[in-house]
Amino acid sequence: MHKFNISSSLKDYGIIFIISSLINSCILNFLTVGINDLQFILFELCFLLFIYSFSYLFKKRNLYFLIISIILTIICIANSLYFNNYNDFTSFYLLETLFQAFLLPKEAVTNVFQLNDFIFLWQIVLMLILYKRQTSTRNISLFKKSFLVYVILLIFNLLMLNYNDVYRLTHDWNKSYVVRNMGIYNYQANDLFNVIYKLICPKCGYENAKEEVEEFYNNKEIKPNEYTNIFKDKNVLFIHAESIQSMFINETITPNLYKLKNEGIYFNNYYSEESVGTSSDTEFTITNSLLPIGTGTVFINYDNNEYKSLIKSFKNNGYYTFSMHGNICEYWNRDKMYKKIGYDHYYCYDTYDLTEKLGLGLSDKSFFIQSADIINNLEYDKFYGTLIMLSNHTPFNTEGITFDVGDALGTRIGNYIKLVHYADEAIGEFINRVNLDNTVLVIYGDHDAKFTQKEYEEYLGKEIDFYEYEQLTKVPLIIWSKDIKHQEIDKIMGSIDVMPTIGNMFGVDTKYALGNDIFSIDDNIVVFPNGNWVTDKIYYNNQLSEYKMYESVDSNYIKEKEEYARNLIETSNNIIRYNLFK
C-alpha cells in the first residue's frame, strides 16, 4: 500500500507558494474588510494560478516562486499598515507621496507601525526554509495546461460578476469593495494596470469626461439666500485646526472653542472628506469644492493643474491672500501647490522663530503669537488668510503639557485630549492678540485623529459599530465674527460645501463648486472619496453595499443618492485627472 508522504505532496514548491499566498490574502482580508464569500477565494486562486503557470517558462522555478512570494508579502504588509492608518488600501499612484515620509520626524513615521502588520512574514520564512536551488528545463506543455486551467477559472469568475462588481473594478475609488470581493492581489494587479494605462494614454476618455462634467454644472443651480453678501468686503481668516474632533469640544477641554461655537454659527453635523492626503486633502476640498482624487494626492500628483479656487475668487475681488504654517515649506508640496490655487504669499518655517517647538515643529502658541503680529501689520485693505495648526498632530507628543484627562491617562486618546486643550489655549491667545474688528473667523477640523474603533470603545466604555464610529469622526466648523448672530446648524455638511457657503456670504464667485451652499439646500449629502455617503436620513456603506437608516426612506431615495454620489466622485475625478479647468 502506498503511504501518504508529506514531502512528496509538497514536492512542487509552487503548490506551497499558492497555499501560503492564499492564506496571507485571507489573513489580510480577515484583519481589514472581512472575507465576503467563495468569490473572493476563487478570484485570488485564479490570480495565483496565472502566476504559477508562467513558472514553467523559467529554468529556476523555485527562485521564481521565492521572489514572487517576497513581492506578495510586501503587498500584504504595505496594505495592512496603510489600512490601519487610513482605513483604505494603498495604490501605486501613491509612490510619489511616499517621499513625504522623509520630511517627517522619525517618531511620526514609526508610530504608524503595528505588530500585526508583520504577521505576513511567515510566508517568506517558510519559503526560505523549504527553498532548494535547482535548475529545470522550460516546459511549454505544462505551461499550456496550467494556463488553460487559469483561463477556465477566469471565465467562471467573470460570469459570476454583476454590474456593481464590474463598475467598481474599473473605477479607482472602490478599493475596499474590490479587495473584499476579489482579494488584495487582484486589486493590486488591477491598480497597476490602471496606472500603466493612464500613463500610456492620459487623454483616453477625455471627451466623454468633458461632456459629463459640463452636464453636471448645467444641472447645478445657485440660489441666493438670507446669508448672501452678509460679510461683503470683510477680511477672513481660516484656522485649520489639526485633528480636532467635535466630540471633544466642551467647556472643560476646549473652553475657547466652546465659547466661539456658542457665539457664532456652529455646524454640528460637519464631516471632513479627506483621503490619504489628510491635511492637504482638506485644504484642497475646502478651497476648491472638489473631492480628493482616488489616484494619488492632488497636492503632489496634480500640482500642475489649473484650479478655480475660493482663494482666486477672493483675490479677484481685491484681497491679499496668504497661508501660514510653522512647518517645512515643502511638506505636502505646499510651496508649489499654493501658487496654483492662488495664494500671494506662504509664511512657513523660514518666516518664524522656531525656538519653541512642540511635536512636529513650531508650537501652536508661538505660531499664533508670531502670526498675529504679522497679520496686525499687514498693509492691505482686505485679506484672506489660512493658519495651519500643528501641535495636535500624531504621535501626540505631550512633553511639558499638563491637563487632567482622568481615566484616559496613559492612553493615546488621553495624550490627544491634553494637546486639544493646549491647542484651544493657543486659539484663545490668538483671538486676544489679533485685530478682529473687521474680520471673520472660519475654524474647521481638518480631519479626525485616526483612533481605532477599539480605542474609542475603551475610552467610551462600550462597544460601537461602524456607523457609530463614523459619527464620532465628525469635526467642528465654526463661522464667527463680532457682529454675527449665534445659530446652530443641524444639516449634514462636508468640506466640499464650505467654498460655496463662504463664497455666498462674502459675495464672491463660486460657480465651479461641486458642493452646495448649505443655506440653500434642504436635503444635503456628504460623499466620501471611497464612495460612502451620508444624509440626514441614512448612512450608506458603499464598500459593503449596506446602510443604516436614521429616518425611514424608500429604495428610490437610496438609488437616487447612490447615483448622485457616483456622479459627484466621477465628475470631481475627471476635472482633476483631465485638468478640465485649463
Plane angle bin for [Y] and [X] - parallel if under 30°, tilted between 30 and 60°, otherwise perpendicular:
X      : Y      : result
Tyr469 : Tyr456 : perpendicular
Tyr271 : Phe528 : perpendicular
Phe314 : Tyr384 : tilted

Practice prompt. Show the numbers, then the answer: is there a side-chain contact (heavy atoms from CB on, under 4.5 Å) between Ile502 and Ile479?
Written response: CA-CA 9 Å; Ile502 294 294; Ile479 300 175; 3.7 Å; yes
With a 4.5 Å heavy-atom cut-off, do [X] and [Y] have their side chains touching?
X      : Y      : result
Leu568 : Ser572 : no
Asn541 : Tyr467 : yes
Glu458 : Thr452 : no
Phe284 : Ser495 : no
Leu544 : Phe466 : no
Ile341 : Asn288 : yes
His240 : Ile286 : no
Ile484 : Ile265 : yes

Worksheet entry | Residues Glu455 and Arg412 bridged, charged N to O under 4.0 Å | yes
State whether the side chain of [X] and the backbone N or O of [Y] hold a donor-acceptor pair below 3.5 Å, judged by distance alone.
X      : Y      : answer
Gln370 : Asp353 : yes
His421 : Ile253 : yes
Asp191 : Tyr187 : no
Ser366 : Ser363 : no
Arg168 : Asn542 : yes
Asp303 : Met337 : no
Asn79  : Thr90  : yes
Asn235 : Phe383 : yes
His486 : Asn262 : yes
Asn516 : Asp497 : no

Worksheet item: Between Asn84 and Asp117, is a side-chain hydrogen bond (donor to acceptor under 3.5 Å, both in side chains) present by the stated rule, with each step listed?
Response: CA-CA 9 Å; Asn84 285 336; Asp117 294 329; 2.7 Å; yes
In terms of side-chain heavy atoms, does [X] have a donor or acceptor partner in [Y] at a distance below 3.5 Å?
X      : Y      : value
Asn269 : Lys474 : yes
Tyr444 : Thr282 : no
Asp344 : Thr321 : yes
Asn376 : Asn435 : no
Tyr346 : Thr351 : no

Nearest non-hydrogen partners of [X] and [Y], listed with the distance:
X      : Y      : value
Pro292 : Thr285 : CD-OG1, 3.4 Å
Val475 : Ser272 : CG2-N, 3.9 Å
Ala423 : Asp364 : CB-OD2, 4.2 Å
Asn397 : Glu399 : OD1-N, 3.0 Å
Met324 : Ile375 : CE-CG1, 3.9 Å
Ser25  : Gly183 : OG-CA, 4.5 Å

Worksheet item: For Val420 and Thr254, what are the C-alpha separation, side-chain angles and deciding distance, and is it a side-chain contact (heavy atoms from CB on, under 4.5 Å)?
Response: CA-CA 7 Å; Val420 170; Thr254 58; 3.4 Å; yes
Ring centers of [X], [Y] separated by less than 6.0 Å:
X      : Y      : result
Phe89  : Phe83  : yes
Tyr347 : His325 : no
Tyr422 : Phe403 : no
Phe396 : Tyr416 : yes

Could you measure the distance from the [atom1] atom of [X] to the [atom2] atom of [Y]? Nearest 0.5 Å is fine.
X      : Y      : atom1 : atom2 : answer
Cys76  : Gln188 : SG    : CD    : 9.5 Å
Asn524 : Lys491 : CG    : NZ    : 8.0 Å
Asp490 : Tyr266 : CG    : OH    : 10.5 Å
Ile300 : Asn333 : CD1   : CG    : 6.0 Å
Ser246 : Leu472 : OG    : CG    : 10.5 Å
Ile388 : Asn327 : CD1   : CG    : 9.0 Å

Worksheet item: Counting heavy atoms not belonging to Asp407, are there more than 12 under 6.0 Å from its CG?
Response: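 No.
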Item to complete: Taking atom NZ of Lys259 as the centre, report whether more than 12 heavy atoms of other residues, nucleotides or ligands fall under 6.0 Å from it.
Response: no
Practice prompt. Evaluate the criterion side-chain hydrogen bond (donor to acceptor under 3.5 Å, both in side chains) for residue pair Ser243 and Asn392; output intermediate values, then yes/no.
Written response: CA-CA 6 Å; Ser243 301; Asn392 197 41; 4.9 Å; no
Discussion item. Pair Tyr352, Ser371 - check side-chain hydrogen bond (donor to acceptor under 3.5 Å, both in side chains), show working.
Written reply: CA-CA 9 Å; Tyr352 294 91; Ser371 296; 2.9 Å; yes
Discussion item. So, applying side-chain hydrogen bond (donor to acceptor under 3.5 Å, both in side chains) with Tyr539, which one of Glu470, Lys548, Glu546 is it?
Written reply: Glu470
Worksheet entry | side-chain contact (heavy atoms from CB on, under 4.5 Å) between Ile478 and Glu263, worked out | CA-CA 9 Å; Ile478 302 168; Glu263 291 178 352; over 6 Å; no
Worksheet entry | Option among Ile489, Thr510, Ile518 that satisfies the side-chain contact (heavy atoms from CB on, under 4.5 Å) test with Thr501 | Ile518
Worksheet entry | Tyr547/Val553 under side-chain contact (heavy atoms from CB on, under 4.5 Å): CA gap, chis, key distance, verdict | CA-CA 11 Å; Tyr547 52 83; Val553 296; over 6 Å; no
